[in-house]
Amino acid sequence: MSDTTDLAVVGAGILGLAVAREALLRDPGSSVHVVEREDRVGAHQTGHNSGVVHAGIYYAPGSLKARLCVEGARDLYAFCEQHGVPVERCGKVIVAVTPDEMAGLDALEARGRQNGVPGLRRLDRRGLREIEPHAEGVGALHSPATGIVDFPAVARALAGDVIERGGRISLGRGVTGVDSGAREVVLRTGKGDLAARHAVFCAGAWSDRLAVAAGAPVDPRIVPFRGAYLRLRPERRELVRSLIYPVPDPSLPFLGVHLTRHIDGDVLVGPTALMAGARDAYRLRQMSPRDLAATLAWPGTYRMARRWWRTGLSEMGYAASRAAFVRAARRYVPDLEPGDVLPGPSGVRAQALGRDGALVDDFVFERTERALHVRNAPSPAATACLAIAAHVADEAGDTPFE
Ligand SMILES: Cc1cc2nc3c(=O)[nH]c(=O)nc-3n(C[C@H](O)[C@H](O)[C@H](O)COP(=O)(O)OP(=O)(O)OC[C@H]3O[C@@H](n4cnc5c(N)ncnc54)[C@H](O)[C@@H]3O)c2cc1C
């Protein structure tokens, strides 16, 4: 069996679906075909995350993350309202627990203002307690534009839109190889070839493998970081009204253990950030020999480990001990007790790691012949999905997007 299409999109996570929809919006007459290995949309990162619509506070001014997060959050709220997807602008506080964290809060506020995040304001201890009665700190930054959303429902709504506009989505059809030529790109799949004039790869944790198969350099490699959550017992959910975050380490791309209310009312504590033995390591001990070998053979892994071994050890502590994990969150919600939590879900971050050992901070897009690859799209890419799709369409140049 062999199919042809104007545009093939690999991956039916939130990015692949947003890209397919954007292509159909820009060129309603074109054929767009999304191929996804799993039997449902949003099966990986899109369905295993914190569910937060980030407002754009953390990211380096001028970076793609900063611009696409601010634009993307605005577009996502509008999309959800139009499509009846559950979403709530509940706001969030970032809490400085000690006076020496205040400089970090100042820096975050300055970044947020430069990035154009709406409504930011500083709170003293009393102001913090008015918003989050159980939070404790010497000061806080309040972001009323931050919210919560059901990202899998966003993915389903995007998929519905793609199909309504004449696109195709083939589930259970994994791409096993790529042949790039001057006139077309051929995707090898278990269910026959798919020949396309152009392709966009949005393969999340597997993005580096497909990019290399299409002729891209091996640098950067995806290294999976498992994020485990705890869940508050239903009777203790009142400890958290919306979203409570610590002041993060600015040199790491992760935001620290936070408390997040989900759109279904559940309150999660987490996530951890521990290097994982598989790109789909939803269970702690899940290993894939191929994924593990890829991580261990990468020179960047050792360079990163030399720099971050202390952080790695404390993350291992959180993974091994629920009490240690709760202690991290108790710094800013002191009423939280180890008995208040239950085991929660987990997700695996697709984080690009350079050969030099640097965790790649910004979104990264790369071209190969007749194809564009999303090579690094960690948080806040779910928030930014619609803006990323527009960016990909702009970048794609002479594709059916035009
Ligand atoms: C623990 C955690 C917390 C997070 N919290 C937030 C948050 O609060 N807010 C936020 O904005 N972002 C958050 N993120 C980030 C966000 O979830 C991701 O940036 C976003 O989901 C990326 O979407 P994606 O479509 O690129 O990836 P994915 O959702 O992982 O989709 C990639 C798809 O490609 C498919 N695929 C891979 N290889 C192949 C192949 N060979 N053939 C066919 N299909 C293939 C996969 O099956 C998968 O469905 C979080 C992520 C994690 C892990």
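All ligand and atom numbering here is 1-based and tracks the order in the structure.
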Trainee: I'd like the name of whichever of Asn49, Val52, Val53 reaches closest to atom 8 (O) of ligand 1 through any heavy atom.
Mentor: Val52
Trainee: Nearest protein heavy atom to atom 42 (N) of ligand 1, by residue and atom, and its distance?
Mentor: Val175 N, 2.9 Å
Trainee: Using only heavy-atom distances, determine whether the side chains of Tyr229 and Ser50 contain a donor-acceptor pair under 3.5 Å.
Mentor: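 Side-chain D/A pair, Tyr229 to Ser50: present.
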Trainee: Would you mind running through ligand 1 and noting each atom that sits below 4.0 Å from a heavy atom of Ala381?
Mentor: 19 (O)
Trainee: Is any side-chain heavy atom of Asp356 closer than 4.5 Å to a side-chain heavy atom of Met304?
Mentor: no
Trainee: Tell me the contacting part of Leu210 for ligand 1: side chain, backbone, both, or neither, using a 4.0 Å heavy-atom threshold, strictly below.
Mentor: side chain
Trainee: Write out all pairs satisfying salt bridge (Lys or Arg N to Asp or Glu O under 4.0 Å) with one or both partners inside residues 151-163, taking only residues at least two apart or from two chains.
Mentor: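 For residues 151-163: Arg21-Asp161, Asp161-Arg165.
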Trainee: Does Leu268 reach the side chain of Pro345, with side-chain heavy atoms less than 4.5 Å apart?
Mentor: yes
Trainee: In terms of residue, atom name and distance, what is the protein heavy atom nearest to atom 27 (O) of ligand 1?
Mentor: Gln45 NE2, 3.3 Å
Trainee: So that I can tick it off, tell me whether Asp3 and Arg173 are bridged by a salt bridge, with the cut-off set at under 4.0 angstrom between side-chain N and carboxylate O.
Mentor: yes
Trainee: Hey, does the Lys NZ or Arg CZ of Arg303 hover above the aromatic six-ring of Trp298, less than 6.0 Å from the centre and inside 45° of the axis?
Mentor: no
Trainee: Could you say whether the N/O atoms of Thr383 and ligand 1 ever approach to under 3.5 Å?
Mentor: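 It does: an N or O of Thr383 is found under 3.5 Å from an N or O of ligand 1.
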Trainee: Checking contacts here: is it the side chain or the backbone of His54 that comes within 4.0 Å of ligand 1, counting heavy atoms only? Could be both or neither.
Mentor: side chain
Trainee: Within the 4.0 Å heavy-atom shell around His48, which atoms of ligand 1 are there?
Mentor: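 Listed by number with element: 1 (C), 2 (C), 52 (C), 53 (C).
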Trainee: Answer with yes or no whether Val374 contacts ligand 1, where contact means a heavy atom under 4.0 Å from a ligand atom.
Mentor: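 Contact absent.
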Trainee: Among protein heavy atoms, which lies nearest atom 31 (O) of ligand 1, and at what distance?
Mentor: Gly13 CA, 3.5 Å
Trainee: Enter the distance from His54:NE2 to Leu243:CG here, rounded to the nearest 0.5 Å.
Mentor: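 Separation between the atoms: 9.0 Å.
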Trainee: Is there any N or O on Ala43 that sits under 3.5 Å from an N or O of ligand 1?
Mentor: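 There is no such contact.
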Trainee: Suppose we measure from atom 43 (C) of ligand 1 to each protein heavy atom; which comes out shortest, and what is that distance?
Mentor: Arg37 N, 3.2 Å
Trainee: At a 4.0 Å threshold, what atoms of ligand 1 neighbour a non-hydrogen atom of Gly51?
Mentor: 8 (O)
Trainee: Using a strict 4.0 Å cut-off to heavy atoms of Ile14, name the atoms of ligand 1 that fall inside it.
Mentor: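 Per the distance check, 23 (O), 25 (O).
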Trainee: Nearest non-hydrogen contact with atom 48 (C) of ligand 1 belongs to which option: Arg349, Arg40, Glu36?
Mentor: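 It is Glu36 that holds the nearest heavy atom.
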Trainee: Can you confirm, on distance only, whether ligand 1 has an N/O atom lying under 3.5 Å from any N/O atom belonging to Ser50?
Mentor: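 Yes: some nitrogen or oxygen of Ser50 is under 3.5 Å from one in ligand 1.
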Trainee: Under 4.0 Å from any heavy atom of Ala377, which atoms of ligand 1 are there?
Mentor: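 So the atoms of ligand 1 that pass are 18 (C), 19 (O), 22 (C).
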Trainee: Looking only at protein heavy atoms, which one is nearest to atom 14 (N) of ligand 1, and how far off is it?
Mentor: Ser379 CB, 3.6 Å
Trainee: Just heavy atoms, cut-off under 4.0 Å: does Tyr229 contact ligand 1 by side chain, backbone, both, or neither?
Mentor: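 The answer is the side chain of Tyr229.
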Trainee: Can you tell which of Val348, Val34, Asn376 gets a heavy atom nearest to atom 53 (C) of ligand 1?
Mentor: Val348
Trainee: Is the shortest side-chain N to carboxylate O distance from Arg197 to Glu369 below 4.0 Å?
Mentor: no
Trainee: Could you check whether Phe363 and His391 have their ring centres less than 6.0 Å apart?
Mentor: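 No.
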Trainee: Do the side-chain N and O atoms of His33 and Ser170 include a donor-acceptor pair separated by under 3.5 angstrom?
Mentor: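 Yes, a side-chain donor-acceptor pair sits under 3.5 Å.
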Trainee: Just to confirm my output: which protein heavy-atom neighbour is closest to atom 29 (O) of ligand 1, and how far is it?
Mentor: Thr46 OG1, 2.5 Å
Trainee: Looking at CG of Asp150 and CD of Glu88, how far apart are the two atoms once the value is rounded to the nearest 0.5 Å?
Mentor: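 Reported value, rounded in 0.5 Å steps: 12.5 Å.
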Trainee: Give the atom numbers and elements of ligand 1 that come within less than 4.0 Å of a heavy atom of Gly174.
Mentor: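 Counting atoms of ligand 1 from 1, those under 4.0 Å from Gly174 are 42 (N), 43 (C).
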Trainee: Where does Val35 meet ligand 1, judged by heavy-atom distances below 4.0 Å: at the side chain, the backbone, both, or neither?
Mentor: backbone
Trainee: Considering only heavy atoms, which of Pro378, Ala203, Gly204 lies nearest to atom 37 (C) of ligand 1?
Mentor: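 Looking at heavy atoms only, the winner is Ala203.
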Trainee: Kindly compute the distance separating CD (Gln82) from CG (Asp75), expressed to the nearest 0.5 Å.
Mentor: 10.0 Å
Trainee: For ligand 1, which atoms sit closer than 4.0 Å to a heavy atom of Gly11?
Mentor: 33 (C), 34 (O), 35 (C)
Trainee: Would you mind checking which non-hydrogen protein atom is closest to atom 26 (O) of ligand 1, with the distance to 0.1 Å?
Mentor: Leu15 CD1, 3.3 Å
Trainee: For residues Thr5 and Ser31, determine if any side-chain heavy atom of one lies less than 4.5 Å from a side-chain heavy atom of the other.
Mentor: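 Yes - at least one pair of side-chain heavy atoms lies under 4.5 Å apart.
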Trainee: Under the side-chain hydrogen bond (donor to acceptor under 3.5 Å, both in side chains) rule, what pairs show up with a residue in residues 134-149, not counting sequence neighbours?
Mentor: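 Sorted result for residues 134-149: Arg121-His142, Arg125-Glu136, Arg129-Glu136, His134-Asp335, Ser143-Thr146.
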Trainee: Which heavy atom in Arg237 sits nearest to a heavy atom in Gly265, and how many Å separate them?
Mentor: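 For Arg237 and Gly265, the tightest heavy-atom pair comes out as CD-O, 3.2 Å.
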Trainee: Please determine whether salt bridge (charged side-chain N to carboxylate O under 4.0 Å, His left out) holds for the pair Lys65 and Glu71, giving the CA-CA distance in whole Å, both sets of side-chain angles, and the decisive distance to 0.1 Å.
Mentor: CA-CA 10 Å; Lys65 270 190 180 176; Glu71 291 172 13; over 6 Å; no
Trainee: With a cut-off of 4.0 Å, which atoms of ligand 1 are near a heavy atom of Glu38?
Mentor: 47 (O)
Trainee: For ligand 1, note which part of Cys202 has a heavy atom under 4.0 Å away: side chain, backbone, both or neither.
Mentor: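 Near ligand 1, Cys202 shows its backbone, while the atoms from C-beta on stay back.
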Trainee: So which protein heavy atom does atom 16 (C) of ligand 1 come closest to, and at what separation?
Mentor: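 Atom 16 (C) of ligand 1 sits closest to the protein heavy atom Ala382 CB, 3.8 Å.
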Trainee: Return yes when Phe225 approaches ligand 1 closer than 4.0 angstrom through a heavy atom, no otherwise.
Mentor: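 No, Phe225 has no heavy atoms under 4.0 Å from ligand 1.
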Trainee: Going by an N to O cut-off under 4.0 Å, is there a salt bridge joining Glu366 and Arg375?
Mentor: yes
